[in-house]
Amino acid sequence: MSTIAAISTAQGQGGIGVIRVSGEDSFTIVDKIFKSVSGKKIMDIKGYTALFGHIYNNEEVLDEAVVLKYVAPKSFTGENVVEISCHGGMYITKEVLNAVIMSGASLAEPGEFTKRAYLNGKMDLTEAESVMDIISAKSKSAARAALFVKDGALFKKSQQVKQLLLDKAAHLSAWADYPEEDIPEVSEDSIIEAIEESISILEKLLSTYDMGQVVKEGIDTVIAGRPNAGKSTLMNLLVGREKSIVTNIAGTTRDVVEDTVLVGNVMLKLSDTAGIRDTDNEIEKIGVQKTFDKINGAGLVIALFDNNEELNTEDIDLINKIKDMPCIAVINKIDLDDKVDKKYITDNIENVVYISAKQQDNIDELKSMIEKIAGTEDFDPSAGIIANERQRNAIRNAVNSLYEAKESLAMGMTMDAITVSLQETIDYLLELTGEKAGEEIVDSVFHNFCVGK
Ligand SMILES: Nc1nc2c(c(=O)[nH]1)N(C=O)[C@@H](CNc1ccc(C(=O)N[C@@H](CCC(=O)O)C(=O)O)cc1)CN2
Ligand SMILES: Nc1nc2c(ncn2[C@@H]2O[C@H](COP(=O)(O)OP(=O)(O)OP(=O)(O)O)[C@@H](O)[C@H]2O)c(=O)[nH]1
Ligand SMILES: [Mg+2]
């Protein structure tokens, strides 16, 4: 396989930048452009040792650098690897990469290092996919969950089920293929037991998907309500800066104002919206329409009501619109006189919280309610989460084949038919981990990676 190279650190200014080189010829390629101060060659030093020196482009010094050597198979990719740490910054790192390419390496494709790690048996597909999740994690729980998958949380569960079924499938086919041999018959009960246990493990895994999405992607959360209810004040309070304009003029916010914020271990993708009211103003009208579009696509609606005003028809319409969605009714301005019909709100909406956005009262209560609704309070990162649609489909298919096997048994079908279903389940699990996955599947997994990973 060719020797590949790429900048593995973020593109931009940084203290140092790392160019990673992987493949059989890594040492000779880098030796051509690197002169160590000690005079040693990369070729001659041991794995996991480093040299300090300079990178050259022909006779010209490009930068000083530290090179680190990994000898196959003991490296991230399982190949010979050299990491060149030079000064960070777009210009220098590109020049060094260029020198490595001129010296004989080819430019790595996105995800190619991790793909090679997978192809060399350093990790399975679920572990490789978790690498992306680790990089893109924006919260502690997302990062921890991804790290557990990187450590094989998903892979191990898959192996566990595979083993359970292989024991039965092997037995079944042996028994069916060699009826004259003296192989003990597998009892139907033991097959059912293995199937039930497998279904339970896989279904439990499937149930992690939604929460995994919440932890990873965050929740589309819309702050809605009538003009002047205090939506923008709350938005600013949650994000911790003056993101939205706040005035006492009704109809201040027109466009949707967006930001993300971490509440406990839930990431909210917040949208502050135009106050809902019937208006003749063209601009405001469009804003109100956008508010409704946002509500329709929301994972959580935070509906604000003004404690100091009686409910109007817009308030009531909003309550009716959201009461069957994940939502919180926030009664704002509790520092002012109570005029709002609290009973109507609590009769219709389960989660109600009383705050003063202006005086920052009871905000913690609102935050714990958000966490409760997101259901991430007792999220267990160590259980491993399904990271994406590909994994979910593979597991879903595996479970479906198990249900088929169960049905076949109940219908008194031949053992052959049951073996086929169990074999199918195992194939789906092999696809999940990439132990047996088509080239298209593998390619599409790495397609979304960034260059250098
Ligand atoms: N400098 C550097 N830091 C990094 C990475 C890297 O590639 N380079 N990583 C990139 O993601 C992560 C670490 N990943 C790595 C995974 C395996 C090996 C490695 O050498 N594996 C050998 C070790 C065997 C052993 O000593 O037990 C192996 O698997 O055989 C190195 C880094 C995070 N930090
Ligand atoms: N007394 C009191 N005033 C508040 C409170 N929250 C917001 N306000 C005031 O209410 C007015 C409107 O606040 P905004 O946050 O702009 O209201 P909004 O819902 O975003 O309004 P639009 O953008 O017009 O839809 C401002 O003068 C705020 O200072 C509160 O808890 N108590
Ligand atoms: Mg506003």
Side-chain angles (χ1 to χ4, degrees), residues 6 8-9 16-22 47-48 50 66-85 111 113-114 116-118 120-123 127-128 130-132 134-135 146-147 150-151 222-238 242-257 270-277 279 281 283-284 287-288 290-291 302-309 314-315 318 330-338 340 353-363 366 449-450 452-453:
S8 282
T9 40
I16 59 175
V18 174
I19 289 89
R20 177 154 58 180
V21 189
S22 178
Y48 294 132
V66 170
V67 299
L68 181 56
K69 175 176 180 176
Y70 301 76
V71 181
K74 285 198 161 191
S75 71
F76 176 73
T77 57
E79 303 176 325
N80 287 342
V81 169
V82 177
E83 288 176 353
I84 306 171
S85 304
F113 293 102
T114 313
R116 288 187 176 197
Y118 157 71
N120 290 325
K122 288 281 162 188
M123 56 180 84
E127 288 161 3
S130 75
V131 170
M132 267 304 267
I134 294 173
I135 296 172
L147 267 173
K150 178 72 195 57
D151 271 351
V222 177
I223 305 178
R226 68 155 81 167
N228 262 351
K231 299 179 295 297
S232 300
T233 309
L234 178 62
M235 169 83 172
N236 291 346
L237 190 58
L238 290 174
E242 299 301 304
K243 178 88 188 185
S244 278
I245 300 172
V246 170
T247 72
N248 59 6
I249 302 163
T252 299
T253 307
R254 302 290 178 79
D255 257 331
V256 179
V257 179
L270 279 177
S271 297
D272 175 24
T273 59
I276 300 166
R277 69 170 166 186
T279 168
N281 182 303
I283 306 168
E284 197 179 349
V288 173
K290 282 191 178 179
T291 302
I302 298 179
L304 253 70
F305 302 93
D306 188 334
N307 181 52
N308 194 231
E309 298 276 344
E314 273 94 5
D315 288 326
L318 179 63
V330 174
I331 298 174
N332 187 33
K333 308 197 187 182
I334 52 166
D335 53 299
L336 302 178
D337 289 344
D338 298 357
V340 78
V353 60
Y354 301 84
I355 68 164
S356 166
K358 193 170 182 176
Q359 304 197 343
Q360 311 194 1
D361 281 339
N362 271 352
I363 304 303
L366 171 61
F449 273 57
C450 46
K453 199 54 235 182

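One-based numbering, in listed order, for ligands and for the atoms of each.
Atom 21 (O) of ligand 2 has N228 N, 2.9 Å as its closest protein atom, hydrogens excluded (heavy atom only). When hydrogens are left out, the protein atom nearest atom 11 (C) of ligand 2 is T247 O, 3.6 Å; that is the closest non-hydrogen contact. Counting only heavy atoms of the protein, atom 7 (O) of ligand 1 lies nearest to R20 NH1, 2.8 Å. For atom 23 (C) of ligand 1, the nearest protein heavy atom (residue, atom name, distance) is Y48 OH, 3.0 Å. Annotation: atom 3 (N) of ligand 2 to nearest protein heavy atom, K358 CD, 3.4 Å. Of the protein's non-hydrogen atoms, T233 OG1, 3.5 Å is the one closest to atom 13 (O) of ligand 2. The single protein non-hydrogen atom nearest to atom 32 (N) of ligand 2 is D335 OD1, 2.8 Å, given as residue, atom name and distance. The nearest heavy-atom contact from the protein to atom 10 (C) of ligand 1 is K453 NZ, 3.5 Å. Nearest protein neighbour of atom 6 (N) of ligand 2, counting heavy atoms only, is N332 ND2, 3.2 Å. In this structure, the protein non-hydrogen atom closest to atom 17 (O) of ligand 2 is G230 N, 3.2 Å. For atom 10 (O) of ligand 2, the closest non-hydrogen atom of the protein is K333 NZ, 3.2 Å. The protein atom (non-hydrogen) at minimum distance from atom 17 (C) of ligand 1 is F76 CA, 3.8 Å.
Residue side and main chain included, S232 places an N/O/S atom under 2.8 Å of the Mg ion (ligand 3). Taking backbone and side chain together, T252 holds no N, O or S atom under 2.8 Å from the Mg ion (ligand 3).
Residue I249 touches ligand 2 through its backbone alone, judged by heavy-atom distances below 4.0 Å. Residue S244 does not touch ligand 2, judged by heavy-atom distances below 4.0 Å. Using a 4.0 Å cut-off between heavy atoms, P73 contacts ligand 1 through its backbone alone, with no side-chain atom that close.
Without hydrogens or angle criteria, T252 side chain to I249 main chain gives a donor-acceptor distance under 3.5 Å. Checked by atom type and distance alone, the side chain of T291 never pairs as donor or acceptor with a backbone atom of T273 at under 3.5 Å. Checked by atom type and distance alone, the side chain of K122 pairs as donor or acceptor with a backbone atom of P73 at under 3.5 Å. With hydrogens and angles ignored, the 3.5 Å screen pairs no side-chain donor or acceptor of D335 with any backbone N or O of S356.
Here the two rings, on Y48 and Y70, have centers that are under 6.0 Å apart.
Heavy-atom neighbours of I245 CD1 from other residues, nucleotides or ligands within 6.0 Å: at or below the threshold of 12. Counting non-hydrogen atoms of other residues, nucleotides and ligands closer than 6.0 Å to CD1 of I283 gives a total of 12 or fewer.
Close approach of ligand 2 to G275 is summarised as follows: ligand atoms under 4.0 Å from at least one heavy atom of the residue are 25 (O). Here is the list of ligand 2 atoms found below 4.0 Å of a heavy atom in N248: 27 (O). Under a 4.0 Å criterion applied to the non-hydrogen atoms of A250, ligand 2 contributes the atoms 24 (O). Each of the following atoms of ligand 2 lies closer than 4.0 Å to a heavy atom of L336: 1 (N). Taking every heavy atom of K231 and a limit of under 4.0 angstrom, the matching atoms of ligand 2 come to 15 (O), 17 (O), 18 (P), 19 (O), 20 (O), 21 (O), 22 (P), 25 (O).
V222 is not listed as a side-chain neighbour of I302, based on a closest heavy-atom distance of 4.5 Å or more. K453 has its side chain within reach of R20: a pair of non-hydrogen atoms, C-beta onward, lies under 4.5 Å apart. Side-chain atoms of F449 and V131, non-hydrogen and from C-beta on, do get closer than 4.5 Å to each other. Contact check for L304 versus L234: side-chain heavy atoms found under the 4.5 Å cut-off.
Close N/O approach between A274 and ligand 2 is not found [any backbone or side-chain N/O within under 3.5 Å]. Here's the thing with A357: one of its N/O atoms is less than 3.5 angstrom from an N/O atom of ligand 2. Residue T273 has no nitrogen or oxygen atom sitting less than 3.5 Å from a nitrogen or oxygen atom of ligand 2, judged on distance alone. Residue I245 places no N or O, backbone or side chain, under 3.5 Å from any N or O of ligand 2.
Under the 4.0 Å distance rule, the nearest protein heavy atom to atom 20 (O) of ligand 1 falls inside the cut-off. Protein heavy atoms are found less than 4.0 angstrom from atom 29 (O) of ligand 1. The presence of a protein heavy atom under 4.0 Å from atom 4 (C) of ligand 1 is ruled out.
The option with the heavy atom closest to atom 6 (C) of ligand 1, from among E83, K122, K74, is E83.
The two residues G452 and S8 come nearest to each other via the heavy atoms O-OG, 2.7 Å. Looking at every heavy atom in both residues, T247 comes nearest to N228 through O-OD1, 3.6 Å. Among all heavy-atom pairs drawn from I355 and N362, the shortest one is CG2-O, 3.7 Å.
Contact analysis puts G251 in contact with ligand 2, with a non-hydrogen atom separation below 4.0 angstrom. Under the 4.0 angstrom criterion for non-hydrogen atoms, F113 is not in contact with ligand 1.
Relative to the ring axis of F305, R226 does not place its NZ or CZ within 45° and under 6.0 Å from the centre.
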Full working for salt bridge (Lys or Arg N to Asp or Glu O under 4.0 Å) between K243 and D272
CA-CA 10 Å; K243 178 88 188 185; D272 175 24; over 6 Å; no
For salt bridge (Lys or Arg N to Asp or Glu O under 4.0 Å), just list the numbers for R277 and E284, CA-CA rounded to whole Å, side-chain angles, deciding distance to a tenth of an Å, and then say yes or no.
CA-CA 9 Å; R277 69 170 166 186; E284 197 179 349; 2.6 Å; yes
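In the model, N308 has no side-chain atom that pairs as donor or acceptor with a side-chain atom of D337 under 3.5 Å.
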